[in-house]
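Only heavy atoms go into these numbers, but all of them, side chains included; no hydrogens, no water, no symmetry mates. Below, chain A is the first sequence line, B the second, and so on; all start at residue 1.
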There are 2 protein chains.
Amino acid sequence: MDTYQALTAFAALSQPLRLEAFRLLIKAGPQGMAAGDIATALNAKANTTSQNLSHLAQAGLITSTRAGRSIIYRSNMDGLNALLRFMLEDCCGGAPEACAPVINMVAPCCGVTSNNSPKDLKS
Amino acid sequence: MDTYQALTAFAALSQPLRLEAFRLLIKAGPQGMAAGDIATALNAKANTTSQNLSHLAQAGLITSTRAGRSIIYRSNMDGLNALLRFMLEDCCGGAPEACAPVINMVAPCCGVTSNNSPKDLKS
DNA sequence: TCCATACTTCATGAAATAATGAATTGACGC
DNA sequence: GCGTCAATTCATTATTTCATGAAGTATGGA
């Protein structure tokens, strides 16, 4: 992920409706949600929601596929992953001793554990 | 971290100069950098840089302390950590099977390893 | 074919954001 | 105290972003 893509992703997540939509789609999981259901869930108008969803899609954070009359949106975990990696890139690459505490605090929420203390991270 | 704080942080990172400044400060590590040096490194004017740095500070992503005539800015790893947790909160809380692959791809860059396969994450 | 449903796209005006020059504050040396 | 350096704050202008209503596209059923 380059800087431009990261900027686009951060901009996409910096707007209330879009952030909520993204979180909603993560919670919805692989089955996703129809555009109309998203708008209903967020108490927003159809066209406003549509534009915001396309903003998230352009940022690579969600995907869309047509299913009959509906269009199903799904969170794109690869996009989220790329953004997380981008955020950690500098501390991992340039200052690993600063990065380790961050990742060690984040990881436990998903059942991931560390086998390294910060001192071990010289590479 | 609540939604408002997350929005502020994403907005702070959605602007080229601010994103670069933040990355620069992460690379700089605990010793930080003076405001003037940051402006020089980013080829930006002093006042523009100052305003952007205060934006990042308000978002909790960096801190500032005065040292003589200079003001030293440092990245705030706690702020970054909180933002990362916020981003993972929904998949960890609502859809852990979607979250695990993400964290497992991110973690290795900091020497953190997983002891769980996605199947294990029922909690 | 006609109509309704489900979304999207377009054009517009209002509001928020960003960069700039000028003025201001704070710290240091003389 | 005075001048200088380092940085911030202020006021202004240009640009971007956002939500809205109206119009357009695509799908499916009668």
Taking CD from B/Q51 and C1' from C/dT17, how many angstroms apart are they, rounded to a whole number? 11 Å
In whole Å, I'd like the distance from the CG atom of B/L53 to the C1' atom of D/dA6. 13 Å
For the pair made of CG in A/L42 and C1' in D/dA19, what is the distance, rounded to whole Å? 15 Å
Within the pair A/K45 and D/dG21, is there a side-chain N or O less than 4.0 Å away from OP1 or OP2? yes
B/R18 side chain to B/A11 backbone, donor-acceptor under 3.5 Å: yes
What is the distance, to the nearest angstrom, from the CG atom on B/L19 to the P atom on C/dT17? 18 Å
Once you round it to whole Å, what is the distance between C1' of D/dA7 and CE of B/M33? 15 Å
Measuring from the side chain of A/A46 (C-beta onward, heavy atoms only), which nucleotide among D/dT8, C/dT8, C/dT20 has the closest atom? C/dT8
Closest nucleotide of DNA chain D for A/N47 versus for A/R18: which of these residues is on the 5' side? A/R18
Under 3.5 Å, is there an N or O donor on one side and an acceptor on the other linking the side chain of B/R69 and the base of D/dT4? yes
So, is B/S50 close to the D/dA7 phosphate, meaning a side-chain N or O under 4.0 Å from OP1 or OP2? no
Compare all side-chain heavy atoms of B/R74 with those of B/I62 and state whether any distance is below 4.5 angstrom. no
Is the shortest side-chain N/O distance from B/Y73 to OP1 or OP2 of D/dT8 below 4.0 Å? yes
Are A/T8 and A/F10 side-chain neighbours, meaning at least one heavy-atom pair lies under 4.5 Å? no
D/dA7 OP1/OP2 closer than 4.0 Å to side-chain N/O of B/S70: yes
Side chain of B/N52: nearest nucleotide among D/dA7, D/dA19, C/dA19? C/dA19
When the distance from CG of B/L7 to P of D/dC18 is rounded to whole Å, what number comes out? 11 Å
Heavy-atom donor-acceptor pair, B/N52 side chain to B/T48 backbone, under 3.5 Å: yes
Go nucleotide by nucleotide along DNA chain C from the 5' end; which of A/A34 and B/R66 gets its closest nucleotide reached first? A/A34
In whole angstroms, the gap separating P of D/dT9 from NE2 of B/H55 amounts to 14 Å
Closer than 3.5 angstrom, by distance alone: can the side chain of B/R66 be matched with the main-chain N or O of B/G68 as a donor-acceptor pair? yes
Quick check on D/dA19: is either OP1 or OP2 less than 4.0 Å from any side-chain nitrogen or oxygen of A/Q15? yes
Whole-Å distance between C/dC28 P and B/I71 CD1? 12 Å
